[in-house]
Amino acid sequence: MKIFRSLLAAQFLAAFCIAVTAENSFAQETQVAVNSTSRTQVQGTVTSGGDSTRSTTFPDARTVEILARVGVQTADTVPLTLDEAIRRALANNTNIDIARDDVRIQETQIDALRGFYDPVFSVTPTYRRNNTTGSSATSDIDVNAGLTQQLSTGGNFSTFFNNSRTENAFTQAQVSSGSLGSSSSAIYSSSYGVRFTQPLFRNRKIDNTRRNLIIARRRLEQTDAEFRRQTIEVITQVQRVYWDLVFALRDQQNKQANLELTRENLRQVEARIAAGSAAPLAKAEVETELANREAEVIVATQQVSITDNSLKQLLLRDAVSPEWNRTYLPTDTPAFSTDPINLQDALSDAMANRYELRSLKLSQDINKIDLDFFRNQTKPQIDLNTSFSLNGLARNGTTDPVITNMFTSQADLLLFNGLNETRAVTGLDPILNPQVVIPGQPSYAVGGLGRSLANTFRSDAPNFSIGVTISFPFRNRTAKANLAGAQITQNRIETQLRAQEQTVIVEVRNAVQSVETARQRVLAARRARENAEIQLDGERRLFESGRSTTFLLFQRENALMTARNAEIRAETDYNKSLADLQRATSTTFRVNNIDVQSPVDGQ
């Protein structure tokens, strides 16, 4: 009997070695070191196949069946560090892409508003033909050009260059201000100058365009803050899912090791039944336990698949990427520090870094801009209007004097001849029709378009004007109501900011408590695992000496596997709580050495 017990003890020892080898295979396949930021990185390489769930023995068909995952080649692994997972998420995650596009859209909004200050050039060529009953038709040609520029002071200026050729008598009188009489010859006019308008009271410090532009810049900062917050959320999700996958794989290892122990137990019971030292009923008990262990491995495999898919959803851009058919193999081991977290430092980081608070403070800035604008709109409007121009005229004609009689028209001649006939009847001398010399036009006034342009340089060419436009609505209820609404909004934002600060404080305190709880759990789990190892060692010695049973030995082995499972769960939860603390304090970028560039509005 002692020989038989010794044989069983040797078999149990071999089975236990199989379990321990499977349990430690994940740690043996990688060599890890902690970097300066307390995040572990792989320094070695994964061994052949990279499958941390493989047993030291060649798996049978049933093991392959229960470890199989739908649509995934478990032997085709992708070694992945946490840092690599974060970088891939930053490059490929769809939520980050959406938030990044929101920032780009807001940048275009600023460019669109800034386009209000773009100079506008215009040119207007016009041809007119006028007909009046009883008169011949006249033709007029105008070519006017101008450049208009809005100013950041709320005013605007425009330059103009106008040229015209007119035959119409009314238009000629308008162009020459009545200084030239009407004639059949064309008049040429040229003028160029500048007009300037500047608000002196309302719209001087701020107007609607400047208000919208400043608000758009603040909203760009808000969009950037939201992008950073969304990025931190994604990074936190990646960290949590990564450590969940680490635990899921280790949990699968532990349960598979338990399954192998139960199979070894079944072989030993069958051998004892064949030797006549055990009743056949003992086999049913072990087979029941075997079925339960298989169910646990199947559920653990399902959890591995679910967690692996969740990580792929965060890292892969393409929904039909071939990488969906491969298995992610985390190569980082959970980091741990016995140092507690300083609550006051965490609160200070959160109050300084949280993007929710920054967004609300930017909302305060936007509301202050509205207050300034609506307060400005309650003032009367007084605008300064000035203009300066150089004008020149010219017309077709001659510079030679013209000699003609005083009476030349038919009506004058009819009257003139009638008077002379009457005087002849009465014996009076006839009235003479004397000759009149009409001086020629000045040389500077005769010519075409070139002469009119040259005349703009004469001393009598400059013209200028200066004036003000005053307007104000009675009661001005619109501006006053808008100002009151902005003041109410200010109080609401201040209340929201206080509420958000309280929320941040609660989240940070809970996150620090979660880290401390996880730290204590790790220490407790390690003690439990160490004691379970001592208990198993003692139980093995009792079994070898014949003072224990197979049932009690396997209970101790199962208890050790459970303790190891609890330890890895506590370690992964500790790392997840650190990720949550980084999110709560918005230090994720700093801890993970990530530099996010701020948008440039190009002002």
Side-chain angles (χ1 to χ4, degrees), residues 99 102-103 105-114 116-117 150-155 199-230 232-233 347-382 471-509 583-586 598-603:
D102 289 340
V103 175
I105 290 173
Q106 192 59 42
E107 288 176 334
T108 63
Q109 296 297 316
I110 294 178
D111 290 337
L113 289 171
R114 200 159 35 233
F116 177 78
Y117 296 102
Q150 301 293 332
L151 302 176
S152 59
T153 60
L200 300 178
F201 211 38
R202 184 197 300 176
N203 295 330
R204 182 175 68 86
K205 291 184 177 180
I206 185 171
D207 58 13
N208 192 50
T209 301
R210 284 177 284 175
R211 168 205 176 206
N212 291 333
L213 184 57
I214 298 173
I215 289 176
R217 287 172 176 155
R218 297 295 181 272
R219 286 178 177 162
L220 174 61
E221 295 182 46
Q222 281 186 321
T223 308
D224 179 59
E226 177 59 23
F227 165 72
R228 293 168 183 264
R229 188 198 65 79
Q230 182 66 39
I232 287 177
E233 291 289 343
L347 289 173
S348 298
D349 285 339
M351 299 303 290
N353 300 330
R354 281 292 289 263
Y355 295 107
E356 295 91 333
L357 299 179
R358 176 170 175 77
S359 180
L360 284 173
K361 291 177 181 178
L362 288 170
S363 295
Q364 282 185 321
D365 293 343
I366 292 174
N367 183 252
K368 184 178 180 301
I369 296 167
D370 285 338
L371 285 171
D372 293 341
F373 174 73
F374 293 131
R375 190 177 290 112
N376 180 268
Q377 294 303 296
T378 61
K379 300 177 181 180
Q381 183 169 356
I382 303 176
S471 67
F472 55 89
F474 291 104
R475 302 177 65 182
N476 204 1
R477 287 182 291 179
T478 300
K480 292 179 180 178
N482 290 335
L483 178 60
Q487 291 171 341
I488 295 173
T489 302
Q490 180 184 25
N491 296 332
R492 184 182 65 181
I493 295 175
E494 290 176 353
T495 303
Q496 291 175 334
L497 182 59
R498 290 195 301 270
Q500 186 62 48
E501 287 175 345
Q502 292 178 348
T503 301
V504 169
I505 290 174
V506 170
E507 289 181 0
V508 172
R509 296 179 71 92
R583 182 196 62 79
T585 57
S586 289
S598 298
V600 179
D601 64 7
Q603 56 180 323

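- Between L371 and L483, the closest heavy-atom pair is O-CD1, 3.8 Å.
- For R211 against N208, the heavy-atom pair with the smallest separation is NH1-OD1, 3.2 Å.
- One side chain, Q222 or S363, offers a donor N or O that lies under 3.5 Å from an acceptor on the other.
- Taking the side chain as every heavy atom from C-beta outward, Q106 and D102 never approach each other to under 4.5 Å.
- Annotation: side chain of R229 is not in contact with side chain of R358 (no heavy-atom distance under 4.5 Å).
- Note that CZ of R218 and CG of L213 are 10.0 Å apart. Values are rounded to the nearest 0.5 Å.
- The shortest heavy-atom contact between F201 and N376 is O-ND2, 3.7 Å.
- Expressed to the nearest 0.5 Å, how far NZ of K205 lies from CG of D372 amounts to 9.0 Å.
- Within a 6.0 Å radius of CZ in R228, other residues, nucleotides and ligands contribute more than 12 heavy atoms.
- Taking each heavy atom of Q377 and I206 in turn, the nearest pair found is NE2-O, 4.5 Å.
- When all heavy atoms of D370 and A486 are compared, the pair lying nearest together is CB-CB, 4.4 Å.
- With respect to Q364, the side-chain contact (heavy atoms from CB on, under 4.5 Å) criterion is satisfied by exactly one of Q496, Q490, E494: E494.
- Summarising the geometry, atom CZ belonging to F373 is positioned 11.0 Å from atom CD1 belonging to I214; distances are rounded to the nearest 0.5 Å.
- Few gaps surround OH on Y117; more than 12 heavy atoms of other groups in view lie less than 6.0 Å from it.
- Across every non-hydrogen atom of K379 and R202, the tightest pair is O-NE, 2.8 Å.
- A 4.5 Å side-chain heavy-atom check between I505 and L347 finds at least one atom pair inside the cut-off.
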